[in-house]
Amino acid sequence: MSTDIKSMHMGQVTSFFIPNVTLVGEGCSGDIPARLQSIGGKKPLVVTDQGIVKAGILQRITDILDAAKLSYAVYDKTVPNPTDNNVDEAFAVYKEEQCDSLITLGGGSSHDCGKGVGFLAGNGGKIHDYEGLDKSSKPFPPYVAVNTTAGTASEMTRFCIITDTSRKVKMAIVDWRCTPSVAIDDPVLMMGMPPALTAATGMDALTHAVEAYVSTAATPMTDACAEKAMEFINRYLRRAVANGEDKEAREGMCYAQYLAGMAFNNASLGHVHAMAHQLGGFYDLPHGECNAILLPHVCEYNRISNRRRFGRIARLLGEYPQGLSADEASRMAIRAINILSQDVGIPEGLVALGRKYGKNVREEDIPTMTANAQKDACALTNPRLMTDAAVAAIYKAAM
């Protein structure tokens, strides 16, 4: 492992956040009732979305809860890029049904919405009060997060991303109290994910690993997680996209996305996420694909900050830069990211992505998105100083 960034932190106090318990493996979702009860939950609110309902996954989980004779309520109206309105609606159900705990079921959106409920249940106020770092003062209710996608790692992080509908901005809420008590990663629940969603969430995981690896807050622990995540994503993502029933690939991506989550949950991220959040808040575009499109552009800008580390990324993603200069090896990392993105079918640019979802991505919106990206908490650990002009140029290049 290279020592260039991590050596900067020798002698400094670092922190590492992770759920108290994590279960990974086929059938582990069957342990949800016992795990919830072990942390004091008696009547959970299950927070999920209509995609999970239609896929039959909610029924699978409620059958488990019913078999354990556990009372529960359901909020299933979470939208992609969940909003402050979602949080308010879900919290109203939580109070009306007299719930005392949370189960979030889905990908990043369901977990983010449920975390929003946890803030209000434990601390009161409005979700907007918690934007920023560690704004809560009281514990969450007992909380089990059940993951159904291999990408966001929201089932194990201290991040909660909620769209402020009045500002059209994604609020980045980073708070150690919203780390779930128990994380469940059952690959059986991921078998039905379509190829496009598998690709998008897998590229989200890659972005987490890459940004954490070059973050100014990287440590030896986050390096180890990020490196293994990139290795596994290179090994398993194409297979999972090609054949969603490939159990080994699905489990491999479970571990990959969780390891990437361990990395960025503690080293934070960079300007890919800062910029992608604006595309989600402004146009309601899917987060994983926004990350995938922006990633090579931001990496190209950041590359000179640590060419040796980018050269290592190239090797982890299957390139062979032996004998090359540090500059040439670092360029291969960008090439590897682009090849993987093309192989799994990510749209070539933001305009094409907008067309795919019926959105009009416009250059005239770049100044507003640039200003908001510069205020995003994720921008703080980007390895190279990013000027407004540089952010705007990357948006334009990614169009």
Side-chain angles (χ1 to χ4, degrees), residues 17-22 32 36 39 41 44-49 52 73-95 99-149 151-165 170-185 204 208 257-258 261-262 264-266 268-269 273 277 280-281 287 377-378:
F17 301 95
I18 193 171
N20 293 330
V21 176
T22 298
I32 293 169
L36 183 69
I39 54 175
L45 175 67
V46 181
V47 180
T48 190
D49 60 63
I52 296 298
V74 174
Y75 176 78
D76 61 8
K77 296 180 175 60
T78 306
V79 298
N81 300 313
T83 68
D84 43 13
N85 295 329
N86 275 149
V87 174
D88 289 342
E89 289 174 359
F91 184 48
V93 176
Y94 184 96
K95 290 188 295 182
C99 296
D100 65 359
S101 51
L102 289 164
I103 295 174
T104 54
L105 174 65
S109 298
S110 295
H111 301 310
D112 285 342
C113 183
K115 288 175 182 180
V117 174
F119 279 112
L120 303 191
N123 292 264
K126 293 288 186 182
I127 190 59
H128 313 79
D129 300 336
Y130 304 99
E131 184 175 9
L133 178 64
D134 291 337
K135 295 293 181 68
S136 71
S137 59
K138 297 177 183 177
F140 264 43
Y143 176 20
V144 175
V146 185
N147 190 24
T148 64
T149 65
T152 69
S154 296
E155 82 282 3
M156 61 77 60
T157 70
R158 59 189 173 117
F159 285 72
C160 172
I161 309 298
I162 301 293
T163 298
D164 181 334
T165 51
K170 278 192 169 187
M171 297 183 291
I173 300 168
V174 187
D175 194 309
W176 67 272
R177 295 183 191 275
C178 81
T179 306
S181 303
V182 179
I184 304 283
D185 278 278
D204 190 19
H208 293 155
Q257 67 90 34
Y258 194 95
M262 290 171 70
F264 91 83
N265 198 37
N266 297 285
S268 196
L269 294 159
H273 273 76
H277 287 160
H287 178 67
C378 294

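On a predicted model such as this, the values are computed, not experimentally measured, just so you know.
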A.B. asks: Which residue pairs pass the salt bridge (Lys or Arg N to Asp or Glu O under 4.0 Å) test when at least one of the two sits in residues 112-126, sequence neighbours left out?
C.D. replies: none
A.B. asks: Are any side-chain N or O atoms of Asn147 and backbone N or O atoms of Ile184, one a donor and one an acceptor, separated by less than 3.5 Å?
C.D. replies: no
A.B. asks: Holding to side chain to side chain donor-acceptor pair (under 3.5 Å), I want the full list of residues that pass it with Asp49, two or more places apart in sequence or in another chain.
C.D. replies: Ser110
A.B. asks: Judged by atom type as modelled, is there a donor-acceptor pair below 3.5 Å linking the side chain of Thr48 to the main-chain atoms of Leu105?
C.D. replies: yes
A.B. asks: Taking all heavy atoms of Cys99 and all of Ala73, pick out the closest pair and write down the distance.
C.D. replies: SG-CB, 3.9 Å
A.B. asks: Does one side chain, of Thr152 or Asp204, offer a donor that lies under 3.5 Å from an acceptor on the other?
C.D. replies: no
A.B. asks: Please confirm whether the ring centroid of Phe91 lies under 6.0 Å from the ring centroid of Tyr75.
C.D. replies: no
A.B. asks: Go through the steps to decide whether His287 and Lys170 satisfy the test side chain to side chain contact (heavy atoms under 4.5 Å, CB included), and finish with yes or no.
C.D. replies: CA-CA 11 Å; His287 178 67; Lys170 278 192 169 187; 4.1 Å; yes
A.B. asks: Please test Ile162 against Val87 for side chain to side chain contact (heavy atoms under 4.5 Å, CB included), starting from the C-alpha separation and ending with a verdict.
C.D. replies: CA-CA 8 Å; Ile162 301 293; Val87 174; 3.8 Å; yes
A.B. asks: Taking all non-hydrogen atoms of both residues, which atom of Thr78 and which atom of Pro82 are closest, and how far apart?
C.D. replies: CG2-CB, 4.0 Å
A.B. asks: Output the distance between atom NE2 (His111) and atom OG1 (Thr149), rounded to the nearest 0.5 Å.
C.D. replies: 6.5 Å
A.B. asks: Return the CD1 to CG distance between Ile127 and Asn85, rounded to the nearest 0.5 Å.
C.D. replies: 12.0 Å
A.B. asks: Could you go through the side chain to side chain contact (heavy atoms under 4.5 Å, CB included) check for Ser137 and Asn123 one step at a time?
C.D. replies: CA-CA 7 Å; Ser137 59; Asn123 292 264; 3.6 Å; yes
A.B. asks: Mind running side chain to side chain contact (heavy atoms under 4.5 Å, CB included) on Val144 and Ile39 for me, showing each step along the way?
C.D. replies: CA-CA 9 Å; Val144 175; Ile39 54 175; 4.2 Å; yes
A.B. asks: Which value, rounded to the nearest 0.5 Å, describes the distance between Asn20 atom CG and Ser181 atom OG?
C.D. replies: 5.5 Å
A.B. asks: Is there a donor in the side chain of Tyr258 and an acceptor in the side chain of Thr22, or the other way round, less than 3.5 Å apart?
C.D. replies: yes
A.B. asks: With Tyr130, which residues qualify under side chain to side chain donor-acceptor pair (under 3.5 Å), at least two apart?
C.D. replies: none
A.B. asks: Among all residues two or more places apart in sequence or in another chain, which pass the salt bridge (Lys or Arg N to Asp or Glu O under 4.0 Å) test with Asp164?
C.D. replies: Arg167
A.B. asks: Is the backbone of Leu269 close enough, under 3.5 Å, to the side chain of His273 for a donor and an acceptor to pair up by distance?
C.D. replies: no
A.B. asks: For the CD1 atom of Ile173 and the CD1 atom of Ile161, what is their distance to the nearest 0.5 Å?
C.D. replies: 7.5 Å
A.B. asks: Checking Gln257 against Asp185: is there a side-chain donor and acceptor pair closer than 3.5 Å?
C.D. replies: yes
A.B. asks: If every non-hydrogen atom of Pro142 is compared with every non-hydrogen atom of Asp100, which pair is closest and at what distance?
C.D. replies: CD-O, 3.3 Å
A.B. asks: Establish, yes or no, whether a centroid distance under 6.0 Å links the rings of Phe140 and Phe119.
C.D. replies: yes
A.B. asks: Filter on salt bridge (Lys or Arg N to Asp or Glu O under 4.0 Å), then keep only pairs touching residues 77-88, sequence neighbours left out; what's left?
C.D. replies: none
A.B. asks: Return the CZ to OG distance between Phe159 and Ser154, rounded to the nearest 0.5 Å.
C.D. replies: 10.0 Å
A.B. asks: State which residues pass side chain to side chain contact (heavy atoms under 4.5 Å, CB included) with Leu133; sequence neighbours excluded, sorted by chain then number.
C.D. replies: Arg158, Val174
A.B. asks: So which of Ile103, Thr104, Val46 actually passes side chain to side chain contact (heavy atoms under 4.5 Å, CB included) with Val146?
C.D. replies: Ile103
